[in-house]
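Everything numeric in this text was worked out from a predicted model, so none of it was measured. By convention in this document, chain letters (A, B, ...) are assigned in the order of the sequence lines, proteins followed by strands, and residues within each chain are numbered from 1.
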Amino acid sequence: MACSAGWGGAAWMDAGESQSSSRQYTDGLMADYGDHEATDDPLHILRHSTAHLLAAAVTELYPDAKYGIGPPVQDGFYYDFAFSKPISESDLGAIESRMRRIAQEDRSFVKETMTRQQALDEFGKRGQDYKLELINDKVEGDEVSVYRTGDFLDLCRGPHVRSTRDLKFFKLLRVAGAYWRGDEKRPQLTRIYGTAWPSARDLEDHMKFLEEAEKRDHKKIGKDLKLFMVDERVGPGLPIWLPAGATVRRELERFIVDEELARGYQHVRTPDVARLELYKQSGHAQLYAEYMYPPMRFEDGEELELRPVNCPHHIVVYQSELRSYRDLPMRIAEIGNNWRYERSGTLSGMNRVRAFALNDAHIFCTPDQLMDEIKGSIDLALYFSKVLGIDEFSYRLSARDNVKEKWLGTEEQWQLAQAALIEALESMGQTYEMGIGEAAFYGPKIDFQVKDSHRREFTNSTVQVDFQLPLRFELEYVAEDGSRQRPVMVHRGAAGAMERLFSYLIERYIGAFPTWLHPIQVVVMPLTDVQRIYAEQVVERLRRGRIRVELDARSQKVDRKVRDAKLQKVPYIVVVGPKEVESGLLSVRDRTDKQAQESLDSFLDRVSREVAERAR
RNA sequence: GCCCACGUAGCUCAGGCGGUAGAGCAUUUCCUUGGUAAGGAAAAGGUCCCCGGUUCGAAUCCGGGCGUGGGCUCCA
């Protein structure tokens, strides 16, 4: 990944920060809608109709409001409006009440067909400029389909429910800004989001889901369990890993590095900065400038740059010696810090930050080796996913679109690279969806898409094929026949960025990490002061056995200590009272609340094994 | 960056239509020595995000910042 970044979704060239969270709303549901395809998905129809109901209510309450578009989305719908004076979430109650009233009135959704001119007249009369624009830009032919709901008129293909009375189980959720037709340079409209369901039960379930999502949010758990913090004195997007979080990260890094070493990677350490010149050569200084920190300039003329990617450094490693085909493939890896000045409005907890450590590697190989290296990279990402518990993800083959200026390289190189990625996926029996226009500028990539607790999609792992950087840096190796040949580069981030991986894992486990990762693996609590010495001995023994153990010798009742340990999601709670001292056993309680008497040796052995196996 | 909301003790939050502020939990101390999800008491803890303005007086009103959260491709 690395160079480009499947990471934040911003490949060097992806100035637009493509796969932002908004994508969730467009998946599936909207895909065909945009192509003017009618749908008969009842849920889709219900939500789209509720969007009309919303617009009808808004235009009644705010007669001069202009409406834009209002499609169904994941779990609900939205509608965009231009209000003459801003509205806020406190206005949603009144709008929702009006919606319910209209729903009660049993207004039917009536489809009409009019000529283009009639439609222009109708919407013109109502001052609906955005609709006029849509008719002019989007409607082909002379027939325009509109829907009437009482006085409310909307440009729409439908279909819709029969009557507003069919709309019962909905709720307005929030307002947000959204650029008209997604273009930053155009006016920003006020988007109202809502959710709609076929039954009260479904609506209730969804509201419960939202509540749950709030509880498992990594920002909340990160605070509760003291995993990380963000302090404005340090800066936005620059999280601090507290001792507990740093422990988890250390375990992750050990695991990752050990596995990569076992797979023939060579780990290096390279500086977080380099001369600006290096990024001019790689192209970042020109093409990725908007995400880069300004160069540090010194009086002697030195210009140093915080690196946004690791690839140039790894290229320097490659070029430190003349390489033979016998050396290839060379897999140069590093958990390297990357610095990207992301737009302030996009930052979020540990998931989207301005400095992050990428589980990065660059594989330099011959064209013949490319396929195996792609497969190997996918296989590694799959292995990490399996061990870490990333059970749900989808593959996205990110290809280029037809805007020629956006991509470097020849048609042939792109086809070659893409064919290789597809073949690799298919040979491994994996299915994927296409992400047109999501490629890195130098080549296509496979992105592993995962979802956070709010079902927002983001890229974790990525595998990319690159023919361009080898060219820019004039990489070569000595081939069998003594000629100089150009290697191919594979950029891959198998476990993604540590920060984003961490945020994912926190939500995946709701803070109850597998024992091998958990910051505190065992808490030992003496029942009374009398058992304190014994408890200390138990702690000492476990600690020497490399178990992360804490002693809870507060003069509190066990109930209290157990409660606190449970809130910390500690895997094992060990209570020692008079009975244990006498029998020489421990009373062990695990996270499933099973309790058992066990000898210290057996317990230590069992936990050690669980840790070694990275069981979950 | 832009839109909306929010920013009060370490945490979760009350309150305050202008007279310098409260609870619970956490912390500290004392009492309590209790068998698996909160024992009791006391103490301590706050530039009410920051900077300006209005005012006799601002945490409260106004303006400007900063920070946090949710949104912002395409989309009849």
Side-chain angles (χ1 to χ4, degrees), chain A residues 14 16-23 25-26 29-38 48 52 68-73 78 80 86-92 119 130-131 134-135 137-139 144-147 154-158 173-193 214 217 219-220 223-224 226 229-233 235-237 290 342-349 436-438 454 456 525-532 554-567 573-580 587-589 593 595:
Chain A
D14 285 357
E17 235 340 294
S18 50
Q19 78 225 14
S20 74
S21 39
S22 65
R23 182 153 293 283
Y25 292 112
T26 66
L29 272 180
M30 282 312 297
D32 47 341
Y33 202 69
D35 297 328
H36 300 198
E37 292 292 325
H48 186 191
H52 275 231
I69 52 166
V73 291
Y78 68 76
D80 288 345
I87 68 151
S88 73
E89 258 152 53
S90 56
D91 299 309
L92 293 183
Y130 294 107
K131 293 296 172 185
L134 290 176
I135 293 169
D137 290 6
K138 289 283 176 183
V139 175
V144 177
S145 148
V146 299
Y147 267 82
D154 201 357
L155 181 66
C156 183
R157 290 225 155 195
L173 297 175
R174 63 180 60 88
V175 305
Y179 299 106
W180 170 237
R181 299 179 84 173
D183 187 344
E184 268 189 342
K185 294 182 196 76
R186 310 201 62 178
Q188 191 165 47
L189 307 182
T190 302
R191 175 168 297 179
I192 298 178
Y193 277 102
E214 218 52 54
D217 189 300
K219 297 183 288 294
K220 177 177 162 46
K223 192 182 278 187
D224 288 349
K226 299 182 182 172
M229 62 178 284
V230 182
D231 187 299
E232 62 180 285
R233 290 170 297 181
E290 93 175 274
E342 303 287 351
R343 297 216 239 171
S344 61
T346 65
L347 302 174
S348 179
I436 304 295
E438 303 283 352
H454 297 270
R456 293 175 291 207
M525 41 191 78
L527 192 66
T528 76
D529 290 346
V530 179
Q531 293 85 36
R532 183 169 178 147
R554 290 130 86 211
S555 67
Q556 292 287 350
K557 300 209 284 186
V558 260
D559 306 62
R560 175 54 179 280
K561 299 188 201 180
V562 166
R563 175 173 194 269
D564 289 343
K566 293 295 287 181
L567 290 174
I573 295 168
V574 171
V575 175
V576 292
K579 278 185 274 178
E580 284 71 28
S587 170
V588 180
R589 171 172 170 170
D593 294 330
Q595 256 177 263

*Considering only the C1' atoms, how many Å lie between B:rU12 and B:rU73, rounded to the nearest integer?*
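It works out to 38 Å between them.
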[X]: which residues meet the side chain to side chain contact (heavy atoms under 4.5 Å, CB included) condition with it, sequence neighbours left out?
X	result
A:Glu232	none
A:Ala178	A:Asp80, A:Arg191
A:Leu347	A:Pro236, A:Glu342, A:Arg354

*Between protein and nucleotides 36-41 of chain B, map the contacts as a letter string: B base, S sugar-phosphate only, - none, heavy atoms under 4.0 Å, written 5' to 3'.*
BBBB--
*Can you give one letter per nucleotide of nucleotides 59-69 of chain B, 5' to 3': B if a protein heavy atom sits under 4.0 Å from the base, S if only from the sugar-phosphate, - if neither?*
-------SSSS
With [X] via side chain to side chain donor-acceptor pair (under 3.5 Å) - residues at least two apart:
X	value
A:Ser90	A:Ser88
A:Gln531	A:Thr528
A:Glu184	A:Arg343
A:Lys579	none

Check nucleotides 10-13 of chain B against the protein and report each pair of N or O atoms closer than 3.5 Å, with its distance, or say if there are none.
residue	atom	partner	partner atom	Å
B:rU12	OP1	A:Lys223	NZ	3.3

*Quick one: A:Trp180 CH2 to B:rU73 C1', roughly how many Å, whole number?*
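It is 14 Å, rounded to the nearest whole Å.
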_Value in whole Å for how far the P atom of B:rU33 lies from CG of A:Leu527_ =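 It is 12 Å, rounded to the nearest whole Å.
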*What dot-bracket string describes RNA chain B from 5' to 3', counting Watson-Crick and G-U wobble pairs whose defining distances are under 3.5 Å, with [ ] for crossing pairs and | for pairs to another strand?*
(((((((..((((.....[..)))).(((((.......))))).....(((((..]....))))))))))))....
*Considering only NZ, NE, NH1 and NH2 on the basic side and carboxylate oxygens on the acidic side, decide whether A:Asp559 and A:Lys557 come within less than 4.0 Å.*
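No, this pair does not count.
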*With sequence neighbours left out, write down each residue that passes ring-ring contact (aromatic ring centres under 6.0 Å, His included) with A:Tyr179, or none if nothing qualifies.*
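A:Tyr179 satisfies ring-ring contact (aromatic ring centres under 6.0 Å, His included) with no other residue.
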